[in-house]
Amino acid sequence: MPELPEVETVRRQLAQWMVGRRVERVTVTGRRSVRRQPLEEFIARLTNRTVVDVRRWGKFLLIDLDDSEVLVIHLRMSGQLRYEPDPGVEVERHTHVILALGPEPEIVELRFVDPRTFGEMFISEGCDARGVPVELAHLGRDPINEQFTEPDLEQLSRGRRVAIKTLLLDQSKIVGIGNIYGDEICALARVRPTRRAESLTKPQRRRIVAATLEILNEAIEERGSSLKDQRYRDLFGGLGTYQNHHRVYGRAGLACEQCGAQVKRTVIGGRSAHFCPTCQR
DNA sequence: CAAATATCCTGATAGC
DNA sequence: TGCTATCAGGATATTT
């Protein structure tokens, strides 16, 4: 569930207190959360490292360590990171990884909680020229960290018969957009999400690019979206407020704020999609 | 080759 | 009340 705005919110919070702290102990109780490399190797490469920076690429968190290695974290559907200043506080259900951060003796903890265990952590083999871990080299451009322009979208859309929403969600093309923001971007751009990417006009592409930047930045300002069921919470347990600004997502059957028509729900690529049939052509 | 579908997993919710 | 079925949707592997 966490998409770019939620991950960026957590990144900023992590950067606030984690930089300069040293990893004193690593406790892994859920094997599935560390699955790309042997557990002993993960722990060995992380222990005694000091955090020098916290970055983000799409929905991935990148925690830079003092030996130039990178701790990569993806929350996937249900993962949450929790800041716990008191290690004595009981560990909640579905906590799979705990980093005890010093320097001693004032230990604070970073806890990784993930009921569905889709999320993961690993230590990267190193970064490429863009600063992206080599394991993530297949990922597309980040619309917030890098430029994203109409010619970029034209190039990505060429010959693509898929729905524009599917293209927006394709992490090998553009990173960070998930189901919620894909719908919201199409709504603000006044383009129907089912529209084939290759058939878009230049003005429509311009509107989609502008809407991408506007929606993501607005959502970051609101610290992301916390839905009723999916329980996104930030590092300090706070809720996002962007759900109060959704134009279409989760609003099927309700009136469009712009025109009063009923917002429709359909399925694109096996996922729910929401749009206003009047505003989005 | 692109596009569609299956897979991982738990918790919330709908329906009986 | 309590059971089962369905849905939620991130990335990746597999099938079409």
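Below, all heavy atoms of this structure are taken into account, side chains as well, without hydrogens, waters or symmetry copies. Chain letters run A, B, ... following the sequence lines, proteins first and then strands; every chain starts at 1.
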Side chain A:Arg160 and base B:dA3 donor-acceptor under 3.5 Å: no
Which listed nucleotide (C:dA11, C:dG10, B:dG11) is nearest to the side chain of A:Met77? C:dG10
When you get a sec, tell me which of C:dG10, C:dG9, B:dA3 is the closest nucleotide to the side chain of A:Arg161? B:dA3
Would you call A:Phe118 stacked on C:dA11, i.e. ring centres under 5.5 Å apart with the planes less than 30° off parallel? no
Given the options A:Glu41, A:Glu135, A:Glu120, A:Arg36 meets side-chain hydrogen bond (donor to acceptor under 3.5 Å, both in side chains) only with A:Glu120
Please determine whether a side-chain nitrogen of the Lys or Arg among A:Glu3 and A:Lys59 lies less than 4.0 Å from a carboxylate oxygen of the Asp or Glu. no
Using atom P of each nucleotide, how far apart are C:dG9 and B:dA14 to the nearest Å? 15 Å
Separation between the P atoms of B:dA6 and C:dT6, rounded to whole Å: 14 Å
Interatomic distance, [X] [atom1] vs [N] [atom2] [rounded to whole Å]:
| X | N | atom1 | atom2 | answer |
| --- | --- | --- | --- | --- |
| A:Tyr249 | C:dG9 | OH | P | 3 Å |
| A:Asn179 | C:dG10 | CG | P | 6 Å |
| A:Lys59 | C:dA11 | NZ | C1' | 8 Å |
| A:Arg32 | B:dT10 | CZ | P | 8 Å |
| A:Leu136 | C:dT12 | CG | P | 8 Å |
| A:Ile174 | C:dG10 | CD1 | C1' | 16 Å |
| A:Phe122 | C:dT12 | CZ | P | 9 Å |
| A:Lys173 | B:dA2 | NZ | C1' | 10 Å |

Distance check: side-chain N/O of [X] vs OP1/OP2 of [N], anything under 4.0 Å?
| X | N | answer |
| --- | --- | --- |
| A:His94 | B:dG11 | yes |
| A:Arg271 | C:dG10 | yes |
| A:Arg76 | C:dT12 | no |
| A:His138 | C:dT12 | yes |
| A:Ser78 | B:dG11 | no |

For A:Arg93, answer base if it contacts any base atom (sugar-phosphate contacts may also be present), sugar-phosphate if it contacts only those atoms, and nothing otherwise; contact means non-hydrogen atoms under 4.0 Å. sugar-phosphate
Under 4.0 angstrom, heavy atoms only, what part of the nucleic acid is A:Arg158 near: base, sugar-phosphate, or nothing? nothing
Evaluate A:Asp114 against A:Ser78 for side-chain hydrogen bond (donor to acceptor under 3.5 Å, both in side chains), listing each step before the verdict. CA-CA 5 Å; A:Asp114 186 14; A:Ser78 61; 2.6 Å; yes
Between the side chains of [X] and [Y], is a donor N or O closer than 3.5 angstrom to an acceptor N or O?
| X | Y | answer |
| --- | --- | --- |
| A:Arg32 | A:Thr117 | yes |
| A:Tyr181 | A:Ser225 | yes |
| A:Asn244 | A:Thr241 | no |

Spacing of CG belonging to A:Leu62 relative to SG belonging to A:Cys127, to within rounding of 0.5 Å: 7.0 Å
Same cluster or not: are A:Leu14 and A:Trp57 linked, directly or through other Ile, Leu, Val, Met, Phe, Trp or Tyr residues, by side-chain heavy atoms under 4.5 angstrom apart? no
Given the rule that a pair is Watson-Crick or G-U wobble with both distances under 3.5 Å, how would you write DNA chain B in dot-bracket, using | for pairs to a different strand? .|||||||.|||||||
Residue met sooner reading DNA chain B from 5', once A:Gly159 and A:Thr117 are mapped to nucleotides: A:Gly159
Per nearest nucleotide of DNA chain C, the residue lying toward the 5' end, A:Gly270 or A:Glu135, is A:Gly270
